[in-house]
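Below: the structure, in structure tokens.
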2 protein chains.
Amino acid sequence: MDWKNVTFDWNQARAVLATAEQGSLSAAAAALGQTQPTLSRQVAAFETALKVTVFERVGRGLTLTPAGAELINHLQDMRDAALGLSLAASGQSQDLEGEVRITGSDVYAAMILPDILTQLRRVAPNLIIDVVADNQIQDLQRREADIAIRHVRPEQPELIARLIGHASGSFYAHQSYLDRHGIPRTVEELSACDFIGLADVDRMIDYFKPLGIHVTANQFKARSANGVVAWELAKAGLGVLPMSDLVAQDCPGMVRLMPDLKMLSFPFWLTTHRELHTSARIRIVFDHLADALRSYVN
Amino acid sequence: MDWKNVTFDWNQARAVLATAEQGSLSAAAAALGQTQPTLSRQVAAFETALKVTVFERVGRGLTLTPAGAELINHLQDMRDAALGLSLAASGQSQDLEGEVRITGSDVYAAMILPDILTQLRRVAPNLIIDVVADNQIQDLQRREADIAIRHVRPEQPELIARLIGHASGSFYAHQSYLDRHGIPRTVEELSACDFIGLADVDRMIDYFKPLGIHVTANQFKARSANGVVAWELAKAGLGVLPMSDLVAQDCPGMVRLMPDLKMLSFPFWLTTHRELHTSARIRIVFDHLADALRSYVN
DNA sequence: TTATCTGTATACGTTTTTGCATGGATTGGA
DNA sequence: TCCAATCCATGCAAAAACGTATACAGATAA
């Protein structure tokens, strides 16, 4: 590597960019937390060093010369890289340590969060992540968790919520079940299947009705309030279970039933308490979760 | 724009990258033209400012920590942008002025160079470009030109030559000619066409023979030693003319004959004299021509 | 026109950064 | 084991950069 072409003063380059974007040396100085004379000298020194007149001094304010305009894109590239560096560094910072508690349904906690947290480990290795897997919604204001992944918007206006996107769900059954009972191709055939029950069978029955699926409680031949267990029951061929497509799609042997059936799509909300604004620790986890979940949903 | 995240010392960032890539503070200092204590302090200050331990001091030499490794890509992005800035700035430099004489065949000079020189104007606005359009090969050592675009490698070993790539040629005729005489679909039919003559008709006849095209001098019903004129004669429908596909492809009305005919492909050489090594003026034109021609050829 | 506001350039004392010299520490080979 | 080579950290004086204060210039409005 030949460094000779890169030994100009990079801080002066930043000063030039700030001046160009802010429109004046004074504004740039304020933005960068320096003084106007400093910016003035840095910009002048940059022009001398690279032998390019970047600005035309026209009375009050400076104007970019055509030569300067050709350089701006490169300066912006430098700034963007510096911004990326800053973000990465704040993740790697030794100061960024401590515990962040994330809550989500047991299914998401078991099926989706591990991958995301593996990526997060790279970005912020000193954080300790506590995953609270519970289908009951935790109370963020009482600090039962710092960040919640839920399908409902929180009611409390004190909480900060970000809509990640919408996910869809479908009915799934294992191939072994379908081999024995046939593949249901209509809502009527589906209504005759065995189902796996989640926490509240009556709520499930009510939830199925608008889809045209009419079942009775005794069709729920296997039950578990734990979503992961219920999913395993379905994988064992014990019946049909509605499941988020996100979770189900990578599961071999499980067949998505009636793909044309329009199941309700449900929103993905990421919620946290006000400390998001003051805690870099929580912010970086929140932002990373938002990014990662968004890429899962889309 | 919020500059707070970017106000760390960018020169320190460069010091960190150089140290990481060179493997030691001493080597980095030598590469950057500074001293080892300076680098030592810059790296330490960077680590303090961003609260990241980038290097592990292990006896002789430093080793990147995992946290540091996460930052290297961003640092390289910054460096790459700085390099781009440096190149652009050297083009825009007020010092980069004077004349550069480029020679090439009249066809390339008229049909290809203008576009390339328009781009070059943006990159190096203070240069004066003199285009020597001549089908005779100019003598670079006698400074009849600074840079030559040719299809032959220069014999003199004192000259610097770069192979740009290979271009192909084909026979072309105007639609109006083909309307009158029909489209030749075999070498025999092509051998019966009228041709446009360039400088030396006998050499053209010899050149056609290995392709299976046998013509006589009196089939060259129109002639010009000037390639652009010959091309215009062909566009007027006066006959068939072999032409570089590069030049011909964007010419409406001109039809490429027998696309399956394997015409010889010819190399593109960019040649200059030794001053390339000492003149930024010539170097930037040479490099820009090489880039632009390469994108034309490929 | 004049007063005022906004913005840039320069002088000067202070702070920060740099290079030189040096000491301490580790590695590799005699 | 000892020596030489290599490399990093630190003290100190010189050099460079910075901030404060101020002077100067164009734009705006009374």
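Considering only side-chain N and O atoms, B/S40 lies under 4.0 angstrom from the phosphate OP1 or OP2 of D/dA9. Regarding contacts with the backbone of C/dG19, a side-chain N or O of B/T38 is found under 4.0 angstrom from either OP1 or OP2. One finds a side-chain N or O of B/Q42 lying less than 4.0 angstrom from the OP1 or OP2 phosphate oxygen of C/dT18. Using a 4.0 Å cut-off, no side-chain N or O of A/Q36 falls inside it from OP1 or OP2 of D/dG19.
One can find a donor-acceptor pair under 3.5 Å joining the base of C/dG19 and the side-chain atoms of B/R41.
Here the P atom of nucleotide D/dA17 and the CD atom of B/Q12 are 15 Å apart, to the nearest Å. One interatomic measurement links the two molecules: CG of B/N11 to C1' of C/dT16, which rounds to 14 Å at whole-angstrom precision. Rounded to a whole Å, the CZ atom of A/F55 is 15 Å from the P atom of C/dG7. Atom CZ in B/R14 sits roughly 15 Å away from atom P in C/dT17 (whole-Å rounding). Note: CG (B/L62) to C1' (D/dT6) measures 13 Å, nearest angstrom. With rounding to whole Å, B/L39 atom CG is found 13 Å from C/dT17 atom C1'. At whole-Å resolution of the value, CG in B/D9 and C1' in C/dT16 are 11 Å apart.
Note on ring orientation: taking the six-membered ring where Trp is involved, the planes of B/F46 and B/F8 are perpendicular (angle over 60°, cut-offs 30° and 60°).
Closest to the side chain of A/L25, out of C/dT8, C/dA21, D/dC8, is C/dT8. Of the candidates D/dT20, C/dT8, D/dC18, C/dT8 carries the atom nearest the A/S26 side chain, counting heavy atoms from C-beta on. Side-chain proximity of B/Q34 to D/dC8, C/dG19, D/dG19: nearest is C/dG19. Closest contact between the side chain of A/T35 and the listed nucleotides C/dC20, D/dG19, C/dA9 involves D/dG19.
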Expected list for residues 35-42 of chain A: side-chain donor-acceptor pairs under 3.5 angstrom, two or more places apart:
{"from": "A/T35", "atom 1": "OG1", "to": "A/T38", "atom 2": "OG1", "distance (Å)": "3.0"}

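Partner of A/H273 under the side-chain hydrogen bond (donor to acceptor under 3.5 Å, both in side chains) criterion, chosen from A/R143, A/Q141, A/R142, A/E158: A/R143.
Side-chain contact, A/Q94 with B/T53: a donor N or O sits under 3.5 Å from an acceptor N or O.
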Self-check item: salt bridge (charged side-chain N to carboxylate O under 4.0 Å, His left out) between B/R14 and B/E21, worked out
Solution: CA-CA 11 Å; B/R14 174 181 57 199; B/E21 291 196 343; over 6 Å; no
